[in-house]
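What follows is a short report on a single structure.
On a predicted model such as this, the values are computed, not experimentally measured, just so you know. Just so you know, ligand 1 is whichever comes first in the structure, and atom 1 is the first atom listed for that ligand.
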Amino acid sequence: MTTIFDASTACSDTAAKPARDVLKQRGQHEVFCGLTSIMWLHRKMQDAFFLIVGSRTCAHLMQSAAGVMIFAEPRFATAIIDERDLAGMADMNDELDKVVTRLLARRPEIKLLVLVGSCPSEVIKLDLPRAASRLNGEHSPACRVMAYSGSGIETTFTQGEDNFLAALVPDMPAEAADAPASLVVVGALGDVVEDQMMRVFDGLGVGPVRFLPSRSSTTLPPVGPNTRFILAQPWVGACAQALERRGAKRISAPFPLGEEGSTAWYRAIADSFGVPEAKFDAITAPGRERARRAVARYRPVLEGKSVFLFPDSQLEPSLARFLSREMDTSIVEVGTPYLNRDVVGAELALLPDTVRVSEGQDVERQIDRVHSDNPDLIICGMGLGNPFEAEGRSTKWSIEFVFTPLQGYEQAGDLAELIARPLMRRELLKVGS
Ligand code: SF4
């Protein structure tokens with residue numbers, strides 16, 4: 001296993017500061033694969049169906065991770081590659097075509113069928129993009145068919161969404177070259193968060209504003225040279241590059257977590273659209289005040305505590321910035337599966353120089369560092385949470401930050417409460433014992 005301290009990797013936003021060392025690790029890592037993102041994507045885009053082409057393992061992961069589906073008809077399934085396929089006794093493309101034909105005959109309301117690649121489909125080199133193109137010729141315009149990879153060989157957890165969105169970009173309609181400036185917010189958000197954001201955008205006079213992913217596959221935002229976009233989630237770097245290739249311009253900002261992050265995020269948009277400072281202050285002041293009051297309730301729980309963040313969702317730099325600056329928490333280590341400085345550079349620039357930043361994972365060594373640092377709270381994946389709890393440590397599952405609507409002013413208190421909850425529970429148990 002190699003460990004490299006790379007002083008040249010400090011983000012460009014820290015030009016005035018000494019370069020930040022980044023601990024790069026390439027060892028065993030413990031994160032879910034990209035299939036997991038289907039758990040929130042199938043709720044977001046309501047006329048899409050995600051068909052995983054994988055093994056029984058993939059089907060079990062999705063069933064146990066997603067639990068009970070809340071819809072009358074499921075919005076995802078697994079086409080299982082079985083022994084006959086692997087032994088070459090059946091033509092896999094023919095088998096896939098039959099499954100898709102049966103599915104679309106039974107579910108004519110599906111407007112977008114998404115073939116999701118897995119480790120098995122990649123290992124046997126099943127060409128899903130080509131299969132999607134063939135099936136698209138057969139079933140569009142009634143139902144479009146596309147493909148992306150959620151394989152654990154290539155993707156972690158949240159990257160599945162990035163691959164999905166990047167694959168959608170070529171299908172976004174072209175915006176006229178003389179269209180007025182528009183904004184696309186990129187990364188899946190809770191519907192309630194989108195609605196709150198729209199109220200702020202309306203107040204600022206910024207628009208038209210659209211979201212990617214859209215709630216329907218038939219209303220993808222148009223894109224062109226006058227499109228500006230801003231990331232709402234840090235894991236959509238490949239989608240950002242795809243949008244830039246279509247001529248859209250990126251607005252860089254910290255992510256809208258907490259009062260400070262949300263204000264910086266809205267401010268970057270307002271600056272890009274020429275919103276006067278006084279108007280910006282008037283529109284955002286009530287939300288800022290509500291957010292400050294909401295997080296203040298949990299500051300006594302978190303201030304002065306030490307927190308260690310394992311690499312998982314890629315939200316880690318933003319969570320660390322929120323904890324450090326709004327909750328007066330001491331960050332021991334912030335890990336992230338990938339460190340895309342274009343995307344999280346603004347977050348890292350706001351962290352104290354004493355914070356250890358790590359990219360990638362060598363899980364045994366990282367566990368050793370936890371034992372040596374002895375933090376008050378560990379934010380980590382589900383596989384690590386229980387063993388740490390068994391050692392008497394407080395943990396929080398990273399995946400909860402992805403499933404819970406946490407962006408914007410109105411959710412800042414929920415964010416603080418979610419992080420503070422394990423520490424509050426431990427205090428209660430102490431009192432009760
Ligand atoms: Fe496992 Fe790979 Fe299937 Fe994910 S895609 S469940 S890592 S086999």
Inset, instruction - State whether the side chain of Asp373 and the backbone N or O of Pro375 hold a donor-acceptor pair below 3.5 Å, judged by distance alone. - result: no

Legend entry - Sub-6.0 Å ring centroid separation between Phe50 and His42: no

Legend entry - Shortest protein contact, atom 1 (Fe) of ligand 1 (heavy atom only): Thr57 CG2, 4.1 Å

Legend entry - Taking every non-hydrogen atom, the tightest pair across Trp265 and Ala253: CA-CB, 4.0 Å

Legend entry - Top protein contact for atom 4 (Fe) of ligand 1, by heavy-atom distance: Cys33 SG, 2.3 Å

Inset, instruction - Without swapping roles, check the side chain of Arg356 against the backbone of Asp21 for a donor-acceptor pair under 3.5 Å. - result: no

Legend entry - Ser121 side chain vs Gly117 backbone, donor-acceptor pair below 3.5 Å: no

Inset, instruction - Measure the distance from atom 2 (Fe) of ligand 1 to every protein heavy atom, then report the residue, atom name and distance (to 0.1 Å) of the closest one. - result: Cys119 SG, 2.2 Å

Inset, instruction - Report the nearest protein non-hydrogen atom to atom 3 (Fe) of ligand 1: residue, atom name, distance rounded to 0.1 Å. - result: Cys58 SG, 2.3 Å

Inset, instruction - Could you list the atoms of ligand 1 found under 4.0 angstrom from a heavy atom of Ser118? - result: 5 (S)

